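Worth saying up front: this structure is predicted, and the values here are computed from it rather than measured. Basis for what follows: all heavy atoms, side chains included, without hydrogens, waters or symmetry-related copies.
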Amino acid sequence: MKDDGGAGRPQLPFQEGVQRVWPGEADRLLEVWEASVRATHHFLSEPDIQFFKPLVLPELLALEHLLCVRDREGSLVAFLGVANGRMEALFVHPSCHRAGVGRRLARHAVVELGASAVDVNEQNEQAVAFYRRLGFEVEGRSEVDGMGKPFPLLHLRKRSVTEW
């Protein structure tokens, strides 16, 4: 099976659909989070990453919906966390960037779960461009992140769920 990543993107084999994260996959969630952060959050220093790392799993595991995409062998390669109509987390392992799995997860969040809002680090240019390509628009901006750290956030919203 080939993923429907689209023109110009690598075609990698993934299992179909979006699946639940299994109870024993906490370590893999953290691996994907860290690999993704290191590949896309160039504004974070090593001490910043080490500060956030122990906070990630408790936050993820507390979310209303924690879903993933798996490769053909069943390994988690990307995940999505949703709560209260918001995408709280969307991370894709760098080996799967531009293969359509982030788009698949975002579409599921919006269409199936009604999550039309997301906050994105303004300095994460790849993520900002990704959400804009999906039709999200900037609604506002904060000078600091949710922890009060100096990492500005853009508050994005997708107004039309029919445009995919």
Side-chain angles (χ1 to χ4, degrees), residues 1-22 25-26 28-44 49 52 56-57 59-61 63-139 145-146 151 153-164:
M1 172 184 67
K2 297 288 184 183
D3 189 68
D4 59 349
R9 297 184 185 127
Q11 299 296 301
L12 303 172
F14 300 105
Q15 292 183 2
E16 291 187 36
V18 173
Q19 303 173 20
R20 289 178 153 267
V21 172
W22 300 331
E25 293 183 299
R28 182 61 181 161
L29 282 170
L30 199 55
E31 288 172 10
V32 171
W33 173 85
E34 186 170 357
S36 180
V37 164
R38 289 184 183 283
T40 61
H41 292 60
H42 303 294
F43 54 93
L44 292 178
I49 293 170
F52 287 114
V56 171
L57 279 178
E59 292 291 324
L60 289 176
L61 298 175
L63 292 171
E64 183 179 358
H65 301 280
L66 186 57
L67 305 166
C68 69
V69 171
R70 300 176 188 285
D71 66 17
R72 185 178 9 183
E73 289 76 34
S75 181
L76 186 152
V77 296
F79 66 87
L80 162 75
V82 173
N84 303 316
R86 303 183 54 78
M87 280 187 270
E88 298 292 348
L90 197 164
F91 292 89
V92 177
H93 193 279
S95 67
C96 300
H97 280 185
R98 303 202 52 81
V101 294
R103 179 183 190 83
R104 181 192 301 184
L105 288 168
R107 183 183 186 286
H108 186 86
V110 173
V111 174
E112 303 299 328
L113 303 176
S116 59
V118 63
D119 289 344
V120 179
N121 290 106
E122 184 177 57
Q123 296 155 297
N124 184 347
E125 296 172 2
Q126 291 177 18
V128 172
F130 167 77
Y131 286 110
R132 287 195 168 164
R133 280 193 307 273
L134 296 182
F136 283 80
E137 301 172 4
V138 176
E139 263 192 345
D145 69 8
F151 305 120
L153 295 176
L154 294 178
H155 310 295
L156 307 176
R157 182 167 304 276
K158 182 155 176 72
R159 302 206 187 286
S160 172
V161 299
T162 59
E163 296 175 13
W164 287 98

Spacing of [atom1] belonging to [X] relative to [atom2] belonging to [Y], to within rounding of 0.5 Å:
X	Y	atom1	atom2	result
Leu66	Arg20	CG	CZ	9.5 Å
Arg38	His42	CZ	NE2	11.5 Å
Leu153	Gln123	CG	CD	9.5 Å
Ser160	Glu137	OG	CD	9.5 Å
Leu57	Leu30	CG	CG	5.0 Å
Arg104	Glu16	CZ	CD	8.0 Å

[X] side chain vs [Y] backbone, donor-acceptor pair below 3.5 Å:
X	Y	value
His41	Asn124	no
Asp71	Glu73	yes
Arg28	Leu76	yes
Thr40	Ser36	yes

Take atom [atom1] in [X]; do more than 12 heavy atoms of anything else shown fall under 6.0 Å from it?
X	atom1	answer
Glu59	CD	no
Glu64	CD	yes
Arg159	CZ	yes

Between Leu44 and Phe52, is a side chain to side chain contact (heavy atoms under 4.5 Å, CB included) present by the stated rule, with each step listed? CA-CA 10 Å; Leu44 292 178; Phe52 287 114; 4.2 Å; yes
Tell me, do [X] and [Y] make a side-chain contact under 4.5 Å, heavy atoms counted?
X	Y	answer
Val92	Phe130	no
Val118	Leu90	no
Leu156	Glu139	no
Arg70	Glu25	yes
Val128	Glu122	no

With side chain to side chain contact (heavy atoms under 4.5 Å, CB included) as the test, would you mind laying out the steps for Phe79 and Leu60 before giving the verdict? CA-CA 10 Å; Phe79 66 87; Leu60 289 176; 3.7 Å; yes
Would you mind listing every salt bridge (Lys or Arg N to Asp or Glu O under 4.0 Å) that reaches into residues 78-88, with sequence neighbours excluded?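 For residues 78-88, and leaving out neighbouring residues, the salt bridge (Lys or Arg N to Asp or Glu O under 4.0 Å) pairs sorted by first residue read Arg86-Glu88, Arg86-Asp119.
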Tell me the closest heavy-atom pair linking [X] and [Y], and the distance in Å.
X	Y	value
Leu105	Ala78	CD1-CB, 3.7 Å
Ala115	Val110	O-CG2, 3.1 Å
Pro13	Arg72	CG-NH2, 3.2 Å
Ser116	Phe136	O-CE2, 3.5 Å

Worked check of side chain to side chain contact (heavy atoms under 4.5 Å, CB included) between Arg103 and Leu134: CA-CA 8 Å; Arg103 179 183 190 83; Leu134 296 182; 2.8 Å; yes
Starting from the C-alpha separation in whole Å, work towards a yes-or-no answer on side chain to side chain contact (heavy atoms under 4.5 Å, CB included) for Val138 and Arg132. CA-CA 9 Å; Val138 176; Arg132 287 195 168 164; 3.0 Å; yes
